[in-house]
Amino acid sequence: MFRPCIDVKDQKVVQLEQGECLVLTDNRKPIEIAEIYHLDGLSGGHIIDLQGGGNADVILPALKYHNLQVGGGIRLENAKTFLDHGATHIILSSFIFDPKGLIRWDRLEELNKQIGKKRIVLAPDVKNDRNIYVQQWKVNTGIRIDEDKLLSKLENYCDEFLVHSIEVEGMEGGVDLDLAKLVRNNCGIPVTYAG
(Lines give C-alpha, C1' and ligand atoms only; values in the text may rest on other atoms or scores of the structure.)
Protein backbone atom coordinates (compact mmCIF):
# COMPACT_ATOMS: atom_id res chain seq x y z
CA MET A 1 0.00 0.00 0.00
CA PHE A 2 1.22 3.50 -0.84
CA ARG A 3 1.03 6.05 1.99
CA PRO A 4 1.77 9.70 1.21
CA CYS A 5 3.98 12.03 3.23
CA ILE A 6 4.42 15.76 3.70
CA ASP A 7 7.67 16.95 5.29
CA VAL A 8 7.74 20.52 6.60
CA LYS A 9 10.79 22.64 7.39
CA ASP A 10 10.90 26.43 7.81
CA GLN A 11 7.15 26.56 7.07
CA LYS A 12 7.69 24.93 3.65
CA VAL A 13 7.10 21.50 2.16
CA VAL A 14 10.48 19.92 1.45
CA GLN A 15 12.25 16.71 0.52
CA LEU A 16 15.52 15.88 2.24
CA GLU A 17 18.13 13.20 1.65
CA GLN A 18 19.03 11.27 4.81
CA GLY A 19 17.21 13.90 6.85
CA GLU A 20 19.77 16.62 6.09
CA CYS A 21 20.44 17.63 2.49
CA LEU A 22 17.64 19.71 0.94
CA VAL A 23 16.68 18.24 -2.43
CA LEU A 24 13.36 19.91 -3.16
CA THR A 25 11.15 22.72 -1.92
CA ASP A 26 7.51 22.65 -2.98
CA ASN A 27 5.82 26.04 -3.39
CA ARG A 28 2.47 24.66 -2.28
CA LYS A 29 1.34 24.89 1.33
CA PRO A 30 0.87 21.69 3.35
CA ILE A 31 -2.91 22.19 3.30
CA GLU A 32 -2.88 22.22 -0.53
CA ILE A 33 -1.05 18.91 -0.67
CA ALA A 34 -3.26 17.41 2.05
CA GLU A 35 -6.29 18.40 -0.02
CA ILE A 36 -4.87 16.60 -3.06
CA TYR A 37 -4.37 13.47 -0.96
CA HIS A 38 -7.93 13.83 0.30
CA LEU A 39 -9.40 14.26 -3.19
CA ASP A 40 -7.38 11.28 -4.45
CA GLY A 41 -8.70 9.14 -1.57
CA LEU A 42 -5.26 8.64 -0.02
CA SER A 43 -5.28 8.06 3.71
CA GLY A 44 -2.86 6.83 6.34
CA GLY A 45 -0.16 9.26 5.28
CA HIS A 46 1.78 11.51 7.57
CA ILE A 47 2.90 15.09 7.94
CA ILE A 48 6.14 15.65 9.79
CA ASP A 49 7.60 18.78 11.34
CA LEU A 50 11.25 18.12 10.53
CA GLN A 51 12.34 20.70 13.07
CA GLY A 52 10.51 19.06 15.95
CA GLY A 53 8.21 22.03 16.52
CA GLY A 54 7.72 25.53 15.22
CA ASN A 55 5.73 24.66 12.11
CA ALA A 56 2.38 24.02 13.77
CA ASP A 57 0.73 27.04 12.16
CA VAL A 58 1.10 25.46 8.69
CA ILE A 59 0.62 21.88 9.86
CA LEU A 60 -2.58 22.25 11.90
CA PRO A 61 -4.71 23.50 8.94
CA ALA A 62 -3.56 20.53 6.83
CA LEU A 63 -5.09 18.12 9.34
CA LYS A 64 -8.67 19.20 8.58
CA TYR A 65 -9.20 16.37 6.08
CA HIS A 66 -8.74 13.73 8.79
CA ASN A 67 -6.41 11.73 6.53
CA LEU A 68 -2.95 12.34 8.03
CA GLN A 69 -0.92 11.23 11.00
CA VAL A 70 1.31 13.94 12.50
CA GLY A 71 4.80 13.83 13.95
CA GLY A 72 7.72 15.99 14.93
CA GLY A 73 7.82 17.62 18.35
CA ILE A 74 4.80 15.72 19.67
CA ARG A 75 4.60 15.50 23.48
CA LEU A 76 1.97 14.91 26.13
CA GLU A 77 1.29 18.64 26.27
CA ASN A 78 0.43 19.08 22.58
CA ALA A 79 -0.74 15.65 21.38
CA LYS A 80 -4.42 16.36 21.96
CA THR A 81 -4.22 19.66 20.03
CA PHE A 82 -3.07 17.87 16.88
CA LEU A 83 -5.69 15.15 17.29
CA ASP A 84 -8.43 17.75 17.88
CA HIS A 85 -7.42 19.45 14.61
CA GLY A 86 -7.95 16.21 12.69
CA ALA A 87 -4.79 14.11 12.91
CA THR A 88 -5.69 10.42 12.82
CA HIS A 89 -2.65 9.51 14.95
CA ILE A 90 0.32 11.12 16.62
CA ILE A 91 3.79 9.87 15.69
CA LEU A 92 6.36 9.69 18.45
CA SER A 93 10.09 9.20 18.41
CA SER A 94 12.31 11.47 20.57
CA PHE A 95 9.60 11.74 23.22
CA ILE A 96 9.68 7.96 23.74
CA PHE A 97 13.20 6.92 22.73
CA ASP A 98 15.28 8.98 25.14
CA PRO A 99 18.69 10.16 23.88
CA LYS A 100 20.19 8.71 27.08
CA GLY A 101 19.32 5.20 25.95
CA LEU A 102 16.05 4.75 27.81
CA ILE A 103 12.61 3.90 26.56
CA ARG A 104 10.15 6.19 28.31
CA TRP A 105 7.57 3.57 29.31
CA ASP A 106 6.09 6.12 31.75
CA ARG A 107 5.25 8.44 28.85
CA LEU A 108 3.77 5.58 26.84
CA GLU A 109 1.56 4.65 29.80
CA GLU A 110 0.36 8.24 30.19
CA LEU A 111 -0.31 8.65 26.46
CA ASN A 112 -2.31 5.42 26.46
CA LYS A 113 -4.40 6.78 29.35
CA GLN A 114 -4.92 10.20 27.78
CA ILE A 115 -5.49 9.35 24.11
CA GLY A 116 -5.44 5.58 23.73
CA LYS A 117 -3.20 3.12 21.93
CA LYS A 118 -5.27 3.30 18.72
CA ARG A 119 -4.08 6.87 18.04
CA ILE A 120 -0.36 6.32 18.62
CA VAL A 121 2.34 5.50 16.07
CA LEU A 122 5.89 4.85 17.24
CA ALA A 123 8.78 5.76 14.94
CA PRO A 124 11.94 3.78 15.73
CA ASP A 125 14.17 5.22 12.99
CA VAL A 126 17.46 3.41 12.45
CA LYS A 127 20.79 3.46 10.67
CA ASN A 128 22.70 0.44 9.39
CA ASP A 129 23.99 -0.19 12.92
CA ARG A 130 20.34 -0.93 13.87
CA ASN A 131 20.39 1.65 16.66
CA ILE A 132 17.41 4.00 17.03
CA TYR A 133 18.24 7.64 16.29
CA VAL A 134 16.29 10.69 17.51
CA GLN A 135 16.33 14.49 17.42
CA GLN A 136 16.24 14.84 13.64
CA TRP A 137 18.20 11.55 13.39
CA LYS A 138 21.33 13.14 14.87
CA VAL A 139 21.43 11.40 18.28
CA ASN A 140 22.16 7.70 18.69
CA THR A 141 20.10 6.40 21.60
CA GLY A 142 21.99 3.11 21.77
CA ILE A 143 18.61 1.36 21.76
CA ARG A 144 18.73 -1.41 19.17
CA ILE A 145 15.65 -2.13 17.09
CA ASP A 146 16.69 -5.78 16.93
CA GLU A 147 16.91 -6.06 20.72
CA ASP A 148 15.14 -9.17 21.99
CA LYS A 149 11.38 -8.66 21.74
CA LEU A 150 11.63 -4.84 21.75
CA LEU A 151 9.07 -4.34 18.99
CA SER A 152 6.62 -6.85 20.48
CA LYS A 153 6.85 -5.01 23.83
CA LEU A 154 6.33 -1.62 22.19
CA GLU A 155 3.35 -2.79 20.12
CA ASN A 156 1.34 -3.01 23.34
CA TYR A 157 1.41 0.81 23.39
CA CYS A 158 0.75 1.75 19.78
CA ASP A 159 -1.44 1.09 16.77
CA GLU A 160 1.45 0.84 14.31
CA PHE A 161 5.11 1.56 13.64
CA LEU A 162 6.62 4.04 11.18
CA VAL A 163 10.21 3.02 10.44
CA HIS A 164 12.82 4.90 8.43
CA SER A 165 16.10 3.44 7.27
CA ILE A 166 18.03 6.68 7.63
CA GLU A 167 20.90 5.89 5.25
CA VAL A 168 18.58 5.17 2.32
CA GLU A 169 16.01 7.90 3.09
CA GLY A 170 15.46 10.07 0.03
CA MET A 171 18.33 8.49 -1.91
CA GLU A 172 16.10 6.73 -4.48
CA GLY A 173 18.28 3.64 -4.13
CA GLY A 174 15.72 1.13 -2.96
CA VAL A 175 14.56 -0.35 0.29
CA ASP A 176 16.65 -1.70 3.17
CA LEU A 177 15.14 -5.18 2.82
CA ASP A 178 16.92 -6.56 5.87
CA LEU A 179 15.34 -3.87 8.06
CA ALA A 180 11.92 -4.38 6.49
CA LYS A 181 12.14 -8.14 7.16
CA LEU A 182 13.43 -7.60 10.70
CA VAL A 183 10.50 -5.37 11.59
CA ARG A 184 7.92 -7.56 9.83
CA ASN A 185 9.17 -10.69 11.60
CA ASN A 186 9.25 -9.15 15.08
CA CYS A 187 5.87 -7.51 15.52
CA GLY A 188 2.22 -8.22 14.92
CA ILE A 189 0.87 -4.75 14.17
CA PRO A 190 0.97 -2.70 10.94
CA VAL A 191 4.31 -1.21 9.92
CA THR A 192 4.95 1.55 7.43
CA TYR A 193 8.44 1.48 5.99
CA ALA A 194 9.25 5.03 4.90
CA GLY A 195 11.93 6.42 2.67
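To the nearest 0.5 Å, atom CG of residue L50 and atom CG of residue N55 are 8.0 Å apart. Considering CZ of R3 and CD of Q69, their distance stands at 5.0 Å, rounded to 0.5 Å. Distance check: C187 SG to K149 NZ gives 12.5 Å after rounding to the nearest 0.5 Å. For the atom pair CG (L154) and CD1 (I189), the distance works out to 8.5 Å, reported to the nearest 0.5 Å. Atom CG in L111 sits 4.5 Å away from atom CG in L76 (nearest 0.5 Å). To the nearest 0.5 angstrom, I115 atom CD1 is 10.5 Å from E110 atom CD.
Considering only residues two or more places apart in sequence or on other chains, D106 meets the salt bridge (Lys or Arg N to Asp or Glu O under 4.0 Å) condition with R104. Every ring pair (Phe, Tyr, Trp, His ring centres under 6.0 Å) that H38 has, sequence neighbours left out, goes to Y65. For the side-chain contact (heavy atoms from CB on, under 4.5 Å) test, residues two or more places apart in sequence or in another chain that qualify with K127 are D129, Y133, I166, E167. With sequence neighbours excluded, the residues satisfying salt bridge (Lys or Arg N to Asp or Glu O under 4.0 Å) with D84 are K80. Remark: F95 pairs with no residue by the ring pair (Phe, Tyr, Trp, His ring centres under 6.0 Å) rule, at least two apart or across chains. Residues passing the side-chain hydrogen bond (donor to acceptor under 3.5 Å, both in side chains) test with D146 are R144, sequence neighbours excluded.
In this structure, K117 places its NZ atom where more than 12 heavy-atom neighbours from other residues, nucleotides or ligands lie under 6.0 Å away.
For N186 (side chain) and I145 (main-chain N/O), no donor-acceptor pair under 3.5 Å exists by modelled atom type. A donor-acceptor distance shorter than 3.5 angstrom exists from the side chain of Y193 to the backbone of D176, with no hydrogens or angles considered. Formation of a donor-acceptor pair under 3.5 Å by the Q51 side chain with backbone atoms of G72 is not found in this model. With D98 contributing its side chain and K100 its backbone, the two residues share a donor-acceptor pair below 3.5 Å. With hydrogens and angles disregarded, a donor-acceptor distance shorter than 3.5 Å links the side chain of E155 to the backbone of G188. Judged by distance alone, with hydrogens and angles left aside, the side-chain atoms of R130 form no donor-acceptor pair with the main-chain N or O of E147 at under 3.5 Å. H85 contributes no side-chain N or O that, together with a main-chain N or O of P61, makes up a donor-acceptor pair within less than 3.5 Å. At distances below 3.5 Å, at least one donor-acceptor pair connects side-chain atoms of N112 with backbone N or O atoms of L108.
Hydrophobic clustering (ILVMFWY, side-chain heavy atoms < 4.5 Å, transitive): F161 and W105 are in one cluster. Hydrophobic clustering, with ILVMFWY side chains joined whenever heavy atoms are under 4.5 angstrom apart, keeps I31 apart from L68. Criterion: ILVMFWY side-chain heavy atoms under 4.5 Å apart, direct or through other members. Under it, L177 and V191 are part of a common hydrophobic cluster. When the side chains of ILVMFWY residues are joined at heavy-atom separations under 4.5 Å, either directly or via intervening members, I96 and Y157 end up in a single hydrophobic cluster.
D159 has its side chain out of reach of I120: every pair of non-hydrogen atoms, C-beta onward, lies at least 4.5 Å apart. F97 is not listed as a side-chain neighbour of D125, based on a closest heavy-atom distance of 4.5 Å or more. V163 is not listed as a side-chain neighbour of L151, based on a closest heavy-atom distance of 4.5 Å or more. Counting heavy atoms from C-beta on, the side chains of V70 and I47 come closer than 4.5 Å. A 4.5 Å side-chain heavy-atom check between R28 and V13 finds every atom pair outside the cut-off.
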- May I have the step-by-step check of salt bridge (charged side-chain N to carboxylate O under 4.0 Å, His left out) for D10 and K12, ending in yes or no? CA-CA 5 Å; D10 297 324; K12 295 182 172 133; over 6 Å; no

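For the pair L63 and A87, the tightest heavy-atom approach, listed with the atom from each and the gap, is CB-N, 3.9 Å. The shortest heavy-atom contact between P99 and Q135 is CG-NE2, 3.3 Å. Summarising the geometry of V175 relative to A180, their closest heavy-atom pair is CG1-CB, 4.5 Å, with the distance given to 0.1 Å. Here the closest non-hydrogen pair linking I6 and A34 is CD1-N, 3.8 Å. The two residues I48 and I91 make their nearest non-hydrogen contact at CD1-CD1, 3.8 Å.
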